[in-house]
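For reference, the structure is listed below as structure tokens.
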2 protein chains.
Amino acid sequence: MCAMARPRKPLLSRDRIVETAGALVDAEGLAALSTRRLAAELGVSGPSLYNHFRTKDEILDAVADAVSAKIDLSMFEEDDPRDWRTALHDWALSYRAALADHPQIVPVLAQGPGRRPAGLKVADAVFGAMVRAGWPPAQATHIGALMRYFVTGSALGSFARGFVDDETAYDPADYPHLGQAHRLAEHREKVDEGAFATGLRALLDGLGTQYERHAHVSGGAEA
Amino acid sequence: MCAMARPRKPLLSRDRIVETAGALVDAEGLAALSTRRLAAELGVSGPSLYNHFRTKDEILDAVADAVSAKIDLSMFEEDDPRDWRTALHDWALSYRAALADHPQIVPVLAQGPGRRPAGLKVADAVFGAMVRAGWPPAQATHIGALMRYFVTGSALGSFARGFVDDETAYDPADYPHLGQAHRLAEHREKVDEGAFATGLRALLDGLGTQYERHAHVSGGAEA
DNA sequence: ACCTGAACACCGTTCAAGT
DNA sequence: ACCTGAACACCGTTCAAGT
């Protein structure tokens, strides 16, 4: 009696799957996420997942999108007092922080927004705010994309890689200049932070220069 | 008779494995590269590969490094006449072109140079040239890293994703501003190119501003 | 509608065995 | 040294069957 098949209340939901999958990826990495392992974690059998997602990749996309959803976008709201430069700056920091909280999913997230709703919502918010600030639409699109390139590239190229700390594997003689610079590899985190800060500042300064040149000619309404 | 076991000449070599693996990834994508499939392509059995590489990941690293090796570094040579700004610009284009030629391996390459020799050689060349141009060593390190962030992030976020061209899957009503911008998704390639060009220019302009401020105070010898 | 076990066609890697 | 087949412990996904 009491055969287990379909309970009155569903055991699974998309939200519960995404949450558990995210926790598993955070704790043990992308490679640890198999449909069977995830199902076990959820107390069901492997194929059950396919009642809620069509493929494992869709689950991963949903996990990535949940991270995107945590990015602060308040600086792009119409009544926010921050100017476009400050908005981009603050957004970049929040963006990076969201990725830093979930470094293992970054490779999925960095593949572009694709059809992920939260990813698209981010792009939409940046675009709207830049157009309002006086940027031509084409440039506004570019700005959203290039900022994403930099932030995700930085995340992927630094804290998202596995911890390979026995970096002594290479012979310093092969890299004449790097000896000095890469002793800093001990403080790799500092290098990452510094490169990010320098790059972000350069990007914003450079965009500022471009803006002075021809963006404000259309005289967009600003706060 | 004629039992097949060990021929007088090895059937495999690291180079042949990397070459075949690269061709397979280029043609069918990362997911198509299994040790068994690769071995079949090479006319050997799966486990044979383990005589030449310790893991499948090491093979992928080698494939990625072969792409890094194609990046032009001539602009960073001591006797090259290009100034640091032009050098960075030309390098970024060559870097991006190398990735565009092998978009499928970009996710591996974007995880940072790790212990890949060609990747480290690139970092070394940039660092050396920037220091010679008058940048303080810490800043020179940052520049190499941040340029890599941007170029790999751009590659990964645009042409490296699978071709998902039925992007009509989302409802434009959910993204108030994006409707206009994303009709350009038909010309996605144009957006990618534009975002890259705008970002690269902003980066170089911004670094120029920083350079004027305090880099040249040390009065480095320039061509 | 939602879950099950069984099954299919795969994986990466190890290892004793061969030459 | 370099390759083999067999084996281990897995995969993602499909599907008929159960309620």
Side-chain angles (χ1 to χ4, degrees), chain A residues 1-22 24-25 27-64 104-105 107-108 111 114 162 164, chain B residues 1-22 24-25 27-64 104-105 107-108 111 114 162 164:
Chain A
M1 84 259 10
C2 179
M4 55 190 70
R6 171 151 113 90
R8 39 181 37 92
K9 273 289 180 185
L11 297 173
L12 257 33
S13 69
R14 285 179 66 97
D15 281 352
R16 210 165 81 79
I17 292 170
V18 171
E19 198 177 354
T20 307
L24 184 52
V25 169
E28 304 186 33
L30 268 183
L33 187 84
S34 72
T35 56
R36 293 166 132 105
R37 172 74 193 280
L38 173 57
E41 216 85 26
L42 287 159
V44 298
S45 81
S48 305
L49 300 169
Y50 291 85
N51 285 298
H52 305 269
F53 288 93
R54 255 182 334 206
T55 63
K56 178 189 164 181
D57 277 351
E58 275 191 12
I59 300 177
L60 277 173
D61 267 347
V63 171
Q104 309 266 30
I105 197 69
V108 176
Q111 308 258 130
V164 256
Chain B
M1 83 280 337
C2 179
M4 55 189 70
R6 171 151 115 90
R8 42 180 36 89
K9 272 289 179 184
L11 297 171
L12 256 32
S13 70
R14 284 179 68 97
D15 281 351
R16 209 164 83 80
I17 292 170
V18 171
E19 197 176 357
T20 307
L24 183 52
V25 170
E28 303 186 34
L30 268 184
L33 187 84
S34 72
T35 54
R36 294 166 133 104
R37 172 74 194 283
L38 173 57
E41 216 86 25
L42 287 159
V44 299
S45 81
S48 305
L49 298 170
Y50 291 85
N51 285 299
H52 304 269
F53 288 92
R54 252 180 335 200
T55 63
K56 177 189 164 180
D57 277 352
E58 275 190 11
I59 300 178
L60 277 173
D61 266 347
V63 171
Q104 310 265 30
I105 197 70
V108 176
Q111 310 257 129
V164 255

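When reading the values below, keep in mind they use all heavy atoms of this one structure, side chains included, and skip hydrogens, waters and symmetry mates. Per chain, numbering begins at 1; letters A, B, ... match sequence-line order.
- For Leu30(A) and dG12(D), the CG to C1' distance is 16 Å, given to the nearest whole Å.
- When every heavy atom of Ala62(B) is checked against every heavy atom of Val18(B), the shortest pair comes out as CB-CG2, 3.6 Å.
- Partners of Pro107(A) by side-chain contact (heavy atoms from CB on, under 4.5 Å), not counting sequence neighbours, listed by chain and number: Leu30(A), Leu156(A), Gln111(B).
- Residues satisfying the side-chain contact (heavy atoms from CB on, under 4.5 Å) test with Glu19(B), not counting sequence neighbours, are none.
- The CG atom of Leu11(A) sits 13 Å away from the C1' atom of dT19(D) (whole-angstrom rounding).
- Pairs engaging residues 29-40 of chain A under the salt bridge (Lys or Arg N to Asp or Glu O under 4.0 Å) rule: Glu28(A)-Arg37(A), Arg37(A)-Glu41(A) [sequence neighbours left out].
- Every residue two or more places apart in sequence or in another chain that forms a side-chain contact (heavy atoms from CB on, under 4.5 Å) with Asp15(B) is listed here: Ser13(B).
- In this structure, Ile17(B) and His52(B) approach most closely via the heavy-atom pair CD1-CB, 3.7 Å.
- Residues forming a side-chain contact (heavy atoms from CB on, under 4.5 Å) with Asn51(B) (at least two apart in sequence, or on another chain): none.
- For the contact set between residues 43-54 of chain A and DNA chain C, defined by any heavy atom under 4.0 Å, the members are Val44(A), Ser45(A), Pro47(A), Ser48(A), Asn51(A), His52(A).
- Atom-to-atom, CD1 of Ile17(A) to P of dG12(D) comes out at 14 Å; the value is rounded to the nearest Å.
- dC10(D) and dA9(C) have their P atoms separated by 22 Å, given to the nearest Å.
- Between the CD atom of Glu58(B) and the P atom of dG12(C) there is a distance of 15 Å, given to the nearest Å.
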With 3.5 Å as the limit, what N/O pairs link the protein to nucleotides 9-11 of chain D?
{"from": "dC11(D)", "atom 1": "OP1", "to": "Ser34(A)", "atom 2": "OG", "distance (Å)": "3.1"}

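- Base pairing in DNA chain C yields stems of at least 3 consecutive Watson-Crick or G-U pairs, both distances under 3.5 Å, namely C:4-8 with D:12-16, C:12-16 with D:4-8.
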